[in-house]
Amino acid sequence: MKKDYARAKSYYEQAAAQGDPNAVHNLGVLYVQGLGVKLDYARAKSYYEQAAAQGDKDAAEALREYF
């Protein structure tokens with residue numbers, strides 16, 4: 001099955017707009033790995049910071065690991 005990162009990004013953006021910290025974290029993952037989007041560490045860091053501020057422990061770990 002082919003992965004559709006553009007579709008995933010759209011769903012993550014919708015969920016993030018509703019306050020889902022996991023969706024915000026997943027947006028960071030897309031940008032830090034360049035999955036379906038142009039690689040953008042600054043944007044990834046911003047998403048990880050937002051998710052960590054909302055209590056997402058994985059996002060806090062990603063900040064320590066990548067930045």
Side-chain angles (χ1 to χ4, degrees):
M1 174 180 256
K2 183 181 176 206
K3 296 180 181 180
D4 188 345
Y5 293 112
R7 184 178 227 175
K9 179 179 175 275
S10 176
Y11 287 128
Y12 292 149
E13 288 172 335
Q14 291 174 39
Q18 295 178 15
D20 183 340
N22 188 52
V24 178
H25 169 251
N26 287 336
L27 285 166
V29 171
L30 293 179
Y31 281 96
V32 84
Q33 295 182 12
L35 300 172
V37 296
K38 184 177 177 185
L39 192 68
D40 188 336
Y41 292 118
R43 185 171 277 182
K45 183 179 180 187
S46 175
Y47 281 126
Y48 285 145
E49 288 171 339
Q50 290 173 49
Q54 294 175 0
D56 188 291
K57 294 182 187 332
D58 291 331
E61 178 62 32
L63 281 169
R64 286 190 291 277
E65 181 180 336
Y66 293 115
F67 305 100

Residues D56 and N22: closest non-hydrogen pair is OD2-CA, 3.6 Å

Minimum heavy-atom separation for P21 to G19, with atom names? CD-O, 3.1 Å

According to the salt bridge (charged side-chain N to carboxylate O under 4.0 Å, His left out) rule, which pairs have a member within residues 29-40, sequence neighbours left out? none

Got a sec, which hydrophobics cluster with L27, joining ILVMFWY side chains under 4.5 Å apart, including via others? Y5, Y12, V24, L30, Y31, L35, V37, Y47

For Q14, what residues pass the side chain to side chain donor-acceptor pair (under 3.5 Å) criterion, not counting sequence neighbours? S10

Which residues pass the side chain to side chain donor-acceptor pair (under 3.5 Å) test with Q33, not counting sequence neighbours? none

Restricting to salt bridge (Lys or Arg N to Asp or Glu O under 4.0 Å), what partner residues turn up for R64, sequence neighbours left out? E61

Going by the rule side chain to side chain contact (heavy atoms under 4.5 Å, CB included), which residues pair with A15 if we only count those two or more places apart in sequence or in a different chain? D20, A23

